[in-house]
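Take a look at the structure below.
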Number of protein chains: 2
Amino acid sequence: MANIQDVAQRAGVSRSTVSYALSGKRAISRKTRERIEAAIRELGFTPNAGARALATSQTLVIGLFVHFFQDEFSPAMLQYVLPIADAAREAGYDILMVTETDGPKALERISSSEMVDGVVLLNVAHEDPRLPVMRKIRQPGSMVGLPKNTEGFDVFDLDFEESGRVLVDHLAERGHREIVLITPRKDVYDRGGAYAWRFQNAALQQAARYGMRVHWFHGETQQPAVNRQIGEILDANVGTAMIVHNDAVIAALPSVLHARGVRVPDELSVVGIFSEDFGQLFNLPYTAVETSPDKLGRLAVQALVQHMLDPERAGAHRVELIAPQITDRGSTK
Amino acid sequence: MANIQDVAQRAGVSRSTVSYALSGKRAISRKTRERIEAAIRELGFTPNAGARALATSQTLVIGLFVHFFQDEFSPAMLQYVLPIADAAREAGYDILMVTETDGPKALERISSSEMVDGVVLLNVAHEDPRLPVMRKIRQPGSMVGLPKNTEGFDVFDLDFEESGRVLVDHLAERGHREIVLITPRKDVYDRGGAYAWRFQNAALQQAARYGMRVHWFHGETQQPAVNRQIGEILDANVGTAMIVHNDAVIAALPSVLHARGVRVPDELSVVGIFSEDFGQLFNLPYTAVETSPDKLGRLAVQALVQHMLDPERAGAHRVELIAPQITDRGSTK
DNA sequence: CTGAAAGCGCTTACAG
DNA sequence: CTGAAAGCGCTTACAG
């Protein structure tokens, strides 16, 4: 591998001149620059990332910390990861992807060995065990998922409370007065998946405001439990509409309804909350709040990049709950 | 951040002694070792990754190169990524995940800046444009997906030819003499997704051997085209069994069959080829060849690790096509 | 069993 | 507009 010294020699200049030509941090005469560029091309030179990181304290790498929980429906995760990787690359960063179960320990390790300039946390819980670590590390952090204490971080999430409300509104406007609400599994609540109760509480409150009756269930996540549960709920035959905040349930719903000959929206109105891509993947014909994983992922990266470039501004943090938008797929009446 | 010099000072030893205590590469007296360990603990010292990489020419990072193709069904990818990340961590490596569209360029960049010790390529095509780059870089490479020329690499894949054969055998043994074969989309063939034609050719040949008649279709990948196509194929009403080698089609099949009241296996036998996890995700009740993404991902990492640890042995490469195993879910008769 | 020093490949004040 | 040199934080022969 050619190093900067080889390039300098071939171009007949000093190493510093090559370095400055590379960074553009000082003016270089046209002739010199051309000789350097030629030498770089001929030798196929690329600066050594480790050496550069050592000299500049900058790695140009972002750590992406992802958890995969058994009680969540995995394919959803990829929808965040890809846009994050894309946004990072656009800003000149690569992605170190960390999936370890022991998130706090991994975070500590990656941070203190200075492998990354900043960190994106996905699927952040109410009292996420990674946050105490985040507060003491050097690198700025950005997250998707709203924790209890957002101080010091850029936080992005869907406004789940408003999402709960608009879906209830949507059904109330159409005259529904008794509905079924299916939320994430109990485990999600237990481990502090705040999006679960933020959505649910707001939905229940709003329903109460309308004098609606709500039959609330924690949805299952694994087959065949999912199908069985949906069947039982349908057997109970309560309500004229269903709000589903559970990926596994909504994905299974079309086939169960089909099998039972339940017609949407004639016999049952259905609304959900999932991303466009997810809906497409499972061919879901339901009106739903768009969860915008791509938007959230990109926002998280962009905010992080700002902090990495301008550490002075480290005080100014952003908490943004993006407004829900309903995509009407005609599954209500 | 504490560095090795701070630790040395606090422990009253030289930097080299600290370094050796860390690596275990030479004997250290018990007393000295304990003082060093205490100092490390008290200062919260972790070696700087960039400096270490610079000194050792080892990053302890593996580059994972993933492509996401529109004509493929994305959730399948995650099944490879997670086991790879796990296996890497077990061996002491982190994962730099690269998803850029221009794979060859990204590979060149990551390799020549020495950001990784080795590379895993996913979803390798017959004449994959990343392979010429792979051949000239310093780092060893391991791949999932069988290319035309495997020389110089560790390659792991399912034995798709044998897979095609065993599924045909399975149907032949049950007396089927006219079947439908649904393969990946044409685009997959065009870009050199060899698994598509390896499976298909072997299946067609084997069927010919039995004197079977085969109706072959390129399956769609996006809804609603998938459902429409399945409908058309069923309308044609040819054959008593169906072999599906297409994730999107097999995922959509239960609901389409349900909607039409086609009973499996009474009226139609169905076999597929997909992973256990995928089957679970979509609740697929079909007998199928297990594609073992976790096993393939782990094998790729393990082989890579061997080469990274022992570059001398760089000549010995492994091409392993794992034998298909049928999971009988009772969807044939 | 331990230390002093060279070296890995960059960047960046300092000097001219 | 350019160069010589220090320094980033490690590891590892060399020496004792």
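Residue numbers start from 1 in every chain, and the chains themselves are labelled A, B, ... in the order their sequence lines are given, proteins ahead of strands. These numbers come from a predicted model, not from an experiment.
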Practice task
Let me know the distance between CZ of B:Arg35 and C1' of C:dG3, rounded to the nearest Å.
Solution key: 14 Å
Handout entry: Phosphate OP1/OP2 of D:dT2 contacted by A:Ser14 side-chain N/O (<4.0 Å)
Key = no
Practice task
Indicate yes or no: does A:Asp94 engage B:Arg109 in a salt bridge with an N to O separation below 4.0 Å.
Solution key: yes
Handout entry: Electrostatic pair B:Glu151-B:Arg135, nearest N-O below 4.0 angstrom
Key = no
Handout entry: Interatomic distance where CG belongs to B:Leu22 and C1' belongs to C:dT2 [whole Å]
Key = 16 Å
Fill in the blank from the handout: Side-chain contact check for B:Thr17: nearest option of C:dT2, D:dT2, C:dA5 is C:dT2
Fill in the blank from the handout: Testing D:dC1, D:dT11, C:dT11 for proximity to the side chain of B:Arg52, the answer is D:dT11
Practice task
Classify the nucleic acid contact of A:Ser16 as base, sugar-phosphate or nothing, counting any heavy atom under 4.0 Å across all strands shown.
Solution key: base
Exercise for the section: Answer yes or no: does a side-chain N or O of B:Lys25 lie under 4.0 Å from OP1 or OP2 of D:dT12? Expected result: yes
Practice task
Rounded off to whole Å, could you give me the CG-to-P distance for the A:Asp6 and C:dC8 pair?
Solution key: 11 Å
Handout entry: Protein-nucleotide distance (A:Gln58, atom CD; D:dG9, atom P), rounded to Å
Key = 15 Å
Handout entry: B:Arg298 and B:Glu90 ion-paired at < 4.0 Å
Key = yes
Exercise for the section: Could you check whether A:Ser19 gets within reach of a base, just the sugar-phosphate, or nothing at all, counting any heavy atom under 4.0 Å? Expected result: base
Completion exercise
5'-most contact on DNA chain D (nearest-nucleotide basis), B:Tyr20 vs B:Ala51, goes to B:Ala51
Completion exercise
Comparing nearest nucleotides in DNA chain C, the 5'-proximal residue of the pair B:Leu54, B:Arg30 is B:Arg30
Problem - Base-pairing assignment for C:dG16 (Watson-Crick or G-U wobble, both under 3.5 Å) - result: D:dC1
Practice task
Report the residue (A:Asn48 or B:Arg33) whose heavy-atom-nearest nucleotide on DNA chain C is the more 5′ of the two.
Solution key: B:Arg33
Problem - Verdict with reasoning, B:Thr17 to B:Ser14, per side-chain hydrogen bond (donor to acceptor under 3.5 Å, both in side chains) - result: CA-CA 5 Å; B:Thr17 303; B:Ser14 71; 3.1 Å; yes
Practice task
Starting from P on C:dT11, measure out to CD1 on A:Ile28 and report it in whole angstrom.
Solution key: 12 Å
Exercise for the section: Classify the nucleic acid contact of A:Thr32 as base, sugar-phosphate or nothing, counting any heavy atom under 4.0 Å across all strands shown. Expected result: sugar-phosphate
Exercise for the section: Give one of base, sugar-phosphate or nothing for A:Thr56, where a contact means two heavy atoms less than 4.0 Å apart. Expected result: sugar-phosphate
Problem - Spacing between B:Arg26 atom CZ and C:dG3 atom C1', to the nearest angstrom - result: 8 Å
Problem - Integer-rounded Å distance: D:dT11 C1' and B:Asn3 CG - result: 14 Å
Practice task
May I have the step-by-step check of side-chain hydrogen bond (donor to acceptor under 3.5 Å, both in side chains) for A:Ser29 and A:Thr32, ending in yes or no?
Solution key: CA-CA 5 Å; A:Ser29 75; A:Thr32 306; 2.7 Å; yes
Fill in the blank from the handout: B:Arg15 atom CZ is separated from D:dG9 atom P, nearest whole Å, by 10 Å
